[in-house]
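Before any comments, here is the structure.
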Amino acid sequence: MKIKDDWFTVTQLDENTFAISEYGHWEKVHSFLIIGKDRAALVDTGLGIDNIKRVTDQLTALPIIVLTTHVHWDHIGSHGEFEHIYVHKAEEDWLINGIKKLPIEQIRKDVSRDITKPTPDSFNPETYRPFQGKPTGLLSDGEIVELGNRDLTIYHTPGHSPGHIVIFDQSTGYLFTGDLLYDETPVYAFFPTTSPDDLVDSLEKISNIPGVNKIYGGHNSAGIEASILSEVKRGVDYLKQNKLVKFGTGVHEFKGFSVKF
Ligand SMILES: [Zn+2]
Ligand SMILES: [Zn+2]
């Protein structure tokens with residue numbers, strides 16, 4: 001299926017999985033549509049510059065549940081377009097009451113800079129507001145989300161944010177890692193609501209998930225080879241051994257990924 005869209009770039013990963021990317025914005029955000037037999041899961045809903053539902057409507061007629069990797073504004077942009085939204089219980093409060101310790105002025109600056117594609121008339125950086133609302137349900141570590149012939153396992157992976165999750169698709173071996181692991185730019189754990197200790201523990205946790213075939217992060221490249229997980233393991237050991245797992249130690253670069261504390 002080929003989708004042409006002015007804002008979103010749709011990449012078909014296999015018959016029933018799609019990356020929906022926003023390459024017109026400096027953050028290069030990805031959301032992912034995972035289609036099962038009975039329903040589909042949308043992993044995050046993008047920046048909110050444009051309406052991602054326009055795209056998902058063309059890709060499936062099945063009911064869609066939104067699985068939130070974490071409640072940062074650049075991953076919940078079109079949450080308001082969907083009826084069924086799930087989030088880890090540690091970030092229920094952020095979804096309802098807003099993200100803590102991040103001024104709206106900063107968000108508006110970040111959402112509107114370094115844009116290389118025309119934005120829709122509906123987008124106004126001066127009035128832009130991240131989604132706020134009640135989730136349909138809460139997710140917890142180890143939970144299985146069933147789509148019908150396709151089971152997704154939820155792993156709680158705090159550090160970048162307290163309720164961050166990654167999602168493992170057992171049927172394909174895809175691991176959707178949100179802002180815990182991506183390439184090209186540093187994964188962040190240097191501001192007040194982050195935890196370098198938790199981030200490193202979470203990286204260690206995902207490096208031990210058996211059967212991962214491909215990794216899909218929330219930014220930059222849409223698809224990283226699973227072999228990066230052995231480098232993640234090496235990185236975790238290096239950071240721990242050298243006592244670098246704390247705020248202020250800066251950027252630590254490894255082969256294929258980096259972290260900033
Ligand atoms: Zn984030
Ligand atoms: Zn992000």
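Numbers for residues simply follow the sequence, beginning at 1. Counting starts at 1 for both ligands and their atoms, following the listed order. Heavy atoms only: backbone and side chains are in, while hydrogens, waters and symmetry mates are out.
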Exercise for the section: Determine, for Lys214 against Glu225, whether the closest basic-nitrogen to carboxylate-oxygen distance falls under 4.0 angstrom. Expected result: yes

Problem - More than 12 heavy atoms from other groups under 6.0 Å of NZ on Lys53 - result: no

Completion exercise
Per residue Asp74, nearest N, O or S atom to the Zn ion (ligand 2) is named OD2

Problem - Atom of Asp179 nearest the Zn ion (ligand 2) (restricted to N/O/S, atom name only) - result: OD2

Handout entry: Mutual orientation of the aromatic rings belonging to Phe32 and His30 [parallel < 30°, tilted 30-60°, perpendicular > 60°]
Key = tilted

Exercise for the section: Verify the distance test for His160 against the Zn ion (ligand 1): any N/O/S atom under 2.8 Å, yes or no. Expected result: yes

Problem - Criterion side chain to side chain donor-acceptor pair (under 3.5 Å) against His75, the qualifying member of Thr45, Thr68, Asp179 - result: Asp179

Practice task
Please find out if the Zn ion (ligand 2) and some N, O or S atom of His219 are separated by less than 2.8 Å.
Solution key: yes

Problem - Aromatic ring pairing Phe131/His79, orientation class (parallel under 30°, perpendicular over 60°, tilted between) - result: tilted

Handout entry: Short N/O/S contact of His70 with the Zn ion (ligand 2) (below 2.8 Å)
Key = no

Problem - Shortest-distance N, O or S atom of His72 relative to the Zn ion (ligand 1) - result: ND1

